[in-house]
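Before any comments, here is the structure.
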Amino acid sequence: MQNNVFEQMAKKYDTPERIELANVIVIELRQKLHNSKSECFLDYGSGTGLVSLGVTDLVESVLLVDSSKQMLDVAQAKISRQKISNANVLCSDFTNETPELKTDIIFMSLVLLHIPDTKEILQVLFDILNEGGKLIIVDFDKNDDINHPKVHNVFLHEDLKKILAEVGFESIEIQTFYHGNNIFMNQDASMFIANSVK
Ligand SMILES: C[S@@+](CC[C@H](N)C(=O)[O-])C[C@H]1O[C@@H](n2cnc3c(N)ncnc32)[C@H](O)[C@@H]1O
């Protein structure tokens, strides 16, 4: 949906502010990846890899999936430059095409807010997870001050929990882990992390 926007901003996406926010997410995510050394990790809506390239040492492999080729070009350049041997990129929009792959962990950071039909994308992600696989979502908590036609404003934990359960996820846990100034559309906001199991 925001594809064109991200295509245009890819080369200047990695600002100091975005890197700082991504580092907060990396620290939180790394705590969830203990004992994942033999697992395949898919970062859906990976962007330039600011988050998932920070966890490649904790998993077997990382697949960065994004609908924006330009964002992935930036990610691929980092993978090549840093000689990361277990990370690959895939340009795809799972809301338009059915992916033919399976994975153990799916991660989504600041992406769900850009996808209009939350349940539909969560169903696709559920289908490509192996049995017992994990979905980890990081996004912004609901903020009534945000009013933008192209993004959700964003999620109440209870609403998201309900959708995840309807899709079939179990052991759903959602918690807010960070509050920051001017981190979402120039507004103060908080971020949650949601863990669910197939
Ligand atoms: C705000 S960026 C977040 C990037 C990265 N996850 C991070 O936390 O730094 C959102 C990303 O989601 C991607 N995106 C938006 N809609 C998508 C879709 N339907 N399928 C795949 N990627 C999508 C955009 O191209 C963009 O790279």
Side-chain angles (χ1 to χ4, degrees), residues 1-7 10 25 29 32-33 36 38-53 55-56 59-73 75-76 86-142 148-174 191-198:
M1 150 193 200
Q2 297 265 292
N3 204 18
N4 291 341
V5 176
F6 287 111
E7 288 288 59
I25 300 171
L29 176 62
K32 309 286 178 205
L33 296 177
S36 301
S38 61
E39 303 196 316
C40 302
F41 179 99
L42 188 156
D43 181 8
Y44 189 68
S46 64
T48 62
L50 280 179
V51 179
S52 52
L53 294 182
V55 301
T56 52
V59 293
E60 168 84 19
S61 63
V62 174
L63 182 62
L64 293 86
V65 180
D66 203 287
S67 53
S68 161
K69 184 177 175 307
Q70 308 243 22
M71 294 292 262
L72 288 177
D73 286 347
Q76 181 59 58
N86 65 341
N88 290 292
V89 304
L90 171 68
C91 189
S92 184
D93 182 341
F94 292 175
T95 66
N96 289 334
E97 54 200 330
T98 311
E100 285 193 24
L101 47 88
K102 286 281 181 192
T103 189
D104 304 307
I105 303 170
I106 297 177
F107 173 68
M108 272 182 122
S109 155
L110 314 183
V111 179
L112 206 50
L113 75 162
H114 296 293
I115 299 181
D117 192 331
T118 303
K119 190 170 179 182
E120 183 187 58
I121 186 63
L122 292 179
Q123 188 68 62
V124 176
L125 298 180
F126 182 86
D127 291 344
I128 64 171
L129 269 179
N130 290 321
E131 285 305 317
K134 286 179 231 148
L135 173 69
I136 305 173
I137 301 170
V138 168
D139 224 307
F140 293 110
D141 286 317
K142 189 168 172 68
H148 189 284
K150 291 204 167 169
V151 296
H152 298 277
N153 78 340
V154 182
F155 298 102
L156 278 176
H157 295 196
E158 288 315 309
D159 293 347
L160 183 58
K161 242 182 210 171
K162 186 164 170 280
I163 300 173
L164 285 162
E166 283 169 5
V167 166
F169 284 102
E170 296 176 350
S171 306
I172 304 162
E173 286 174 15
I174 307 182
M191 290 190 293
F192 69 82
I193 187 160
N195 291 280
S196 331
V197 178
K198 176 168 175 177

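What you are looking at is a predicted structure, and each value in this text was computed from that prediction instead of being measured.
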Side chains of Pro99 and Val124: closer than 4.5 Å at any heavy-atom pair? yes
Might you point out which heavy atoms bring Lys198 and Leu129 nearest each other, and give the distance in Å? NZ-O, 2.8 Å
Considering all heavy atoms of both residues, which atom of Leu101 and which atom of Ile128 are nearest to each other, and what is their separation? O-CB, 3.4 Å
Any side-chain heavy-atom pair of Thr118 and Asp159 under 4.5 Å: no
Shortest non-hydrogen contact between Gly45 and Asp66, atoms and distance: C-OD2, 3.3 Å
My understanding is that only one of Ile193, Ile106, Leu122 makes a side-chain contact (heavy atoms from CB on, under 4.5 Å) with Ile137; could you say which? Leu122
With side chains defined as the heavy atoms from C-beta onward, is the minimum distance between Phe107 and Val55 less than 4.5 Å? no
Please report the C-alpha distance between Glu120 and Ile115 in whole Å, then the side-chain angles of each, then the deciding distance to 0.1 Å, and finally whether the side-chain contact (heavy atoms from CB on, under 4.5 Å) criterion is met. CA-CA 9 Å; Glu120 183 187 58; Ile115 299 181; 6.0 Å; no
Side chains of Leu112 and Leu160 in contact at under 4.5 Å (non-hydrogen atoms): yes
Do the non-hydrogen side-chain atoms of Lys32 and Lys134 ever get within less than 4.5 Å of each other? no
Lys102 side chain to Asp127 main-chain N or O, any donor-acceptor pair under 3.5 Å? yes
Could you tell me if the side chain of Leu125 sits less than 4.5 Å from the side chain of Met108, heavy atoms only? yes
Between Thr103 and Cys40, is there a donor-acceptor pair closer than 3.5 Å when you use the side chain of the first and the backbone of the second? yes
Is any side-chain N of the basic residue among Glu166 and Lys162 closer than 4.0 Å to the acidic one's carboxylate O? yes
Asn195 side chain near Ser171 side chain, heavy-atom distance below 4.5 Å: no
Minimum heavy-atom separation for Gly49 and Leu64, please, with both atom names. CA-CD2, 3.6 Å
Rounded to the nearest 0.5 angstrom, the CZ-OG distance for Phe169 and Ser196 is 5.5 Å
Any idea which heavy atoms bring Val51 and Ser109 closest together, and the distance? CG2-OG, 3.9 Å
Return the CG to CD1 distance between Asp43 and Ile136, rounded to the nearest 0.5 Å. 10.5 Å
Keeping the roles fixed (side chain from Asn86, backbone from Thr56), state whether a donor-acceptor pair exists under 3.5 Å. yes
CD1 of Ile105 to CG of Leu135, rounded to nearest 0.5 Å, is 10.5 Å
Any sub-3.5 Å donor-acceptor pair from Lys119's side-chain atoms to Ile163's backbone N or O? no
Which atom of Asp93 lies closest to which atom of Ser67, heavy atoms considered: CB-CB, 3.8 Å
Under the 3.5 angstrom rule, does the side chain of Tyr44 hit a backbone N or O of Ile121 as a donor-acceptor pair? no
Looking only at side-chain N and O atoms, does Glu97 offer a donor or acceptor that is under 3.5 Å from a partner on Ser92? yes
Name the one of Leu156, Val138, Asp141 that satisfies side-chain contact (heavy atoms from CB on, under 4.5 Å) with Phe192? Asp141
